[in-house]
Amino acid sequence: MALQDRIREDVHRVFLNPEHFAERHTWNGRPFQCVTDEEEALKRRNNNVVDIAWSENIAEIVLYVAKGEFPGRLQPNDHGYFDRRPMKILDVQDNLGMVSITLTTFNPREMQG
């Protein structure tokens with residue numbers, strides 16, 4: 001078995017297994033399994049430097065989903081609701097049977113007084 005085939009097989013057995021890392025979420029009310037990573041989105045936005053002070057009231061999250069299992073269109077700038085939060089697809093990357101999807105939304109913060 002080729003390495004790529006083994007990696008594709010491990011996607012569901014380990015990484016997207018609900019008993020290990022995956023969680024159930026919704027996109028426009030339709031459920032699916034994925035792994036979420038807000039820290040990775042922060043690193044990508046800040047050029048791989050974790051700095052929570054830098055924010056333009058934008059929340060970003062990276063989703064890892066098995067290819068073909070995302071319940072919507074994988075088009076940048078497509079809008080939808082991730083767990084009932086309005087989001088926009090910012091970026092989509094295909095990697096060995098997995099798709100990483102970067103979602104973004106404007107997330108107003110409270111005024112500090």
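These figures come from a predicted structure and were not determined experimentally. Index from 1, following the sequence.
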Practice task
Using side chain to side chain contact (heavy atoms under 4.5 Å, CB included) as the criterion, list what pairs up with R84, not counting sequence neighbours.
Solution key: none
Exercise for the section: List for me each residue that meets side chain to side chain donor-acceptor pair (under 3.5 Å) alongside K67, sequence neighbours excluded, and say none if there are none. Expected result: D94
Handout entry: Pairing residues for R73 by the salt bridge (Lys or Arg N to Asp or Glu O under 4.0 Å) criterion, not counting sequence neighbours
Key = D78
Handout entry: Min side-chain heavy-atom separation I61-M87 under 4.5 Å
Key = yes
Practice task
Output the distance between atom OG (S100) and atom CG (N95), rounded to the nearest 0.5 Å.
Solution key: 5.5 Å
Problem - Closest contact, heavy atoms only, P71 versus P31 - result: CG-O, 4.5 Å
Problem - L63 side, atom CG; T36 side, atom OG1 - distance, nearest 0.5 Å - result: 7.0 Å
Handout entry: Heavy-atom side-chain proximity of K88 to N77 below 4.5 angstrom
Key = yes
Problem - Sidechain-backbone polar pair: R24 side chain, Q33 backbone, donor-acceptor under 3.5 Å - result: no
Exercise for the section: Find out whether I101 and V65 are in side-chain contact, i.e. whether some heavy atom of one side chain is under 4.5 Å from a heavy atom of the other. Expected result: yes
Practice task
Only pairs at least two apart or in different chains count here, so list each ring-ring contact (aromatic ring centres under 6.0 Å, His included) that has a residue in residues 70-94.
Solution key: H25-F82, W27-F70, F32-F70
Exercise for the section: For L90, check side chain to side chain contact (heavy atoms under 4.5 Å, CB included) against everything at least two apart and list the hits. Expected result: E60, T102, T104
Exercise for the section: State, with a plain yes or no, whether a side-chain heavy atom of T105 is found less than 4.5 Å away from one of R85. Expected result: yes
